[in-house]
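Because only heavy atoms are used, hydrogens play no part in the values below, and waters and symmetry mates are left out as well, while side chains stay in. Being a predicted model, the structure only gives us computed values, none of them experimental.
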Amino acid sequence: MISRRSLLSLPWACAAAVAAPSRVLGQVAAPLTIGLSLRPESLDPTRSAAAVIGEVVHGNVLEGLTCIQENGVAAPLLAERWDVSLDCLRYQFRLRKGVVFHDGAKLDAGVAASSLRRAQALGAANNLVDTFHNIQNIQTPDERTVLLTLQYPDPLLPFRLGQPPAVIVHPATADQASRRPIGTGPYRFAGWRDTGDIDLVQWPGYRDASRIRIPAARFHFIPDPEQQIQAVLGQRVDVLFGATTSSVDRLRDSRHYEVLVGSSSGKGMVAINHRRAPLDDVRVRRAITHAIDREAFIREVLHQRAQAIGSHFAPTDPDYINLTGLCPYDPDLARDLLRAAGVRTPLTLDLALPPTPYALLGGPVVARYLAAVGIQVNLVQVSWARWMSTVFQGDFELSMITHVEPLDYGIYTRPDFYFGYDSADFRALVARHAASPNPREQGQLFRQIQRHLAQDAVNAWMFCPSISTVVRKGLKGLPMNYPVFAHDIGAMYWT
């Protein structure tokens, strides 16, 4: 083994260096309250695609072999270091000493290997299905070493293993992770309140417990943008993540809060179901994309806090290219494409809107654009649970959604994924990228992957959002940028 990747000298993404007292209400230390738009139906990120699960538990309750720092670089977590072969086919992870789960169970190589095999067995239920499918063999030479052998080279494997679907769970308690997760993180799950709020409390048995400065945290779920504003104005939350742009504008001059604005790996789009005619016709999908004025949408709905995109890649991704010019705003061309496809207008389609501010505010705007070219849209508001049980199962026509997982282009190799894209040419292109040992060729293939998706107009990509976080003044340790949607409470502290 060569190319030792020991990153212990880097800032650990979960570290906070300054000690400070907790916020106090009266004489009782109040839990840190974090406001989120969506409420999870499960707390097991290994078997659900809902990103909000990771927002609650990732790095707090459940941990992976690696973690992803704010700059997008993978760093050690449960693994203190790793070695990688020159061909990027063999990774050897060395586990930290003395790590235990919240119930006292020991973390060793056998437990880690069992967790990885479980993730493999979950198949498409795990959002990193392609990553786990690529792991050909899992070995445990000793109790602190896990050796992974891959089918194809993957220089990004440590980054992928730092995402929520790759957290390590103990085989004895994995089945209860959806309702009562037991992990190795600095916080343990304390309860799911009748209101839907989720409580976490500091775990004294954590391996580095002395650095944790927030004794308890509560996740409070507020889907309505106006209610979010009122929660801040009423000082009922300490953090509001993913605040709407209109909320940010109203809260910038607050005496009690400040606003952090950073980048993300999100891809906002109108998802298109290829299994439904006439959406299986590329001309119709291109017409939908040409009908949408991305820049005007960003101005009207997102108040300029986003970048226009034309494929399933974010500007922060390696070898990103701006492909908005392949399907620019052109309503006349959109009408011509619909006529060429033999579509009789008005074409009526349903647009499913999950309970996120960007969808609730942006849905009517998209409907207006589509109506101008002869597509009548019925706006269908659905709960997040309903979205997961219908749209994510392929029961939809159009849906407005943001995919926040980084470098998740592999979903387009899966014909069974919810939008039903089935392209042998695209799968071959991704396989060539995976098998290439040459960094220059990998970059070229990455650009071809982006262009292929854009030319097929698989979905109507619109924006990569900036992330606005409203934070109570005096609370420190929060990131500006979110390569992965997770909230590291252990890094936060009061001044």
Do we see a donor-acceptor contact under 3.5 Å between the side chains of Thr46 and Asn126?
no

Heavy atoms only: give me the nearest Ile168-Ser115 pair and the separation to one decimal.
CA-OG, 3.4 Å

Should the pair His487 and Phe219 be assigned to parallel (<30°), tilted (30 to 60°) or perpendicular (>60°) ring geometry?
tilted

N-O pairing of Lys267 and Asp408 below 4.0 Å
yes

Ion pair check, Arg96 and Asp208, cut-off under 4.0 Å
no

Determine whether the aromatic ring centres of Trp387 and Tyr418 lie less than 6.0 Å apart.
yes

For Met400 versus Leu351, what's the shortest heavy-atom pair and its separation?
N-CD1, 3.7 Å

Arg427 versus Thr413, side-chain donor and acceptor atoms under 3.5 Å
no

Pair Gln136, Thr149: side-chain N/O donor-acceptor within cut-off below 3.5 Å:
no

Can you tell me if Ser178 and Glu41 form a side-chain donor-acceptor pair at under 3.5 Å?
no

Could you grab the distance from atom CZ of Phe419 to atom CG of Leu279, nearest 0.5 Å is fine?
13.5 Å

Do Gln235 and Arg472 meet the criterion of a side-chain donor-acceptor pair at a distance under 3.5 Å?
yes

Any carboxylate oxygen within less than 4.0 angstrom of a Lys/Arg side-chain nitrogen, looking at Arg275 and Asp280?
no

Establish, from distance only, whether the side-chain atoms of His220 and Asp197 form a donor-acceptor pair under 3.5 Å.
yes

Could you work out, with ring-ring contact (aromatic ring centres under 6.0 Å, His included) as the rule, every residue matching His452, not counting sequence neighbours?
Phe426

I need the minimum non-hydrogen distance between Leu77 and Gly64, along with the two atoms involved.
CB-O, 3.5 Å

Arg144/Asp108 salt bridge by N-O under 4.0 Å criterion:
no

Nearest-0.5 Å distance, CD1 of residue Ile292 to CG of residue Leu370
5.5 Å

Out of curiosity, Leu240 CG to Ile229 CD1, how far, rounded to the nearest 0.5 Å?
9.0 Å

Would you please classify the geometry between the Phe313 ring and the Phe446 ring as parallel, tilted or perpendicular, with 30° and 60° separating the classes?
perpendicular

Distance col, row Asn60:CG vs Ile198:CD1, nearest 0.5 angstrom, shows 11.0 Å

Are Asn459 and Tyr412 close enough that a side-chain donor and a side-chain acceptor fall under 3.5 Å?
yes

Side-chain donor/acceptor of Thr66 to backbone N/O of Gly162, under 3.5 Å:
yes

The ring pair (Phe, Tyr, Trp, His ring centres under 6.0 Å) partner of His274 among Tyr421, Phe396, Phe417 is Tyr421

Aromatic rings Trp82 and Phe93: how do their planes relate, parallel, tilted or perpendicular, breaks at 30° and 60°?
tilted

Are Asp44 and Ser42 linked by a side-chain donor-acceptor pair shorter than 3.5 Å?
no

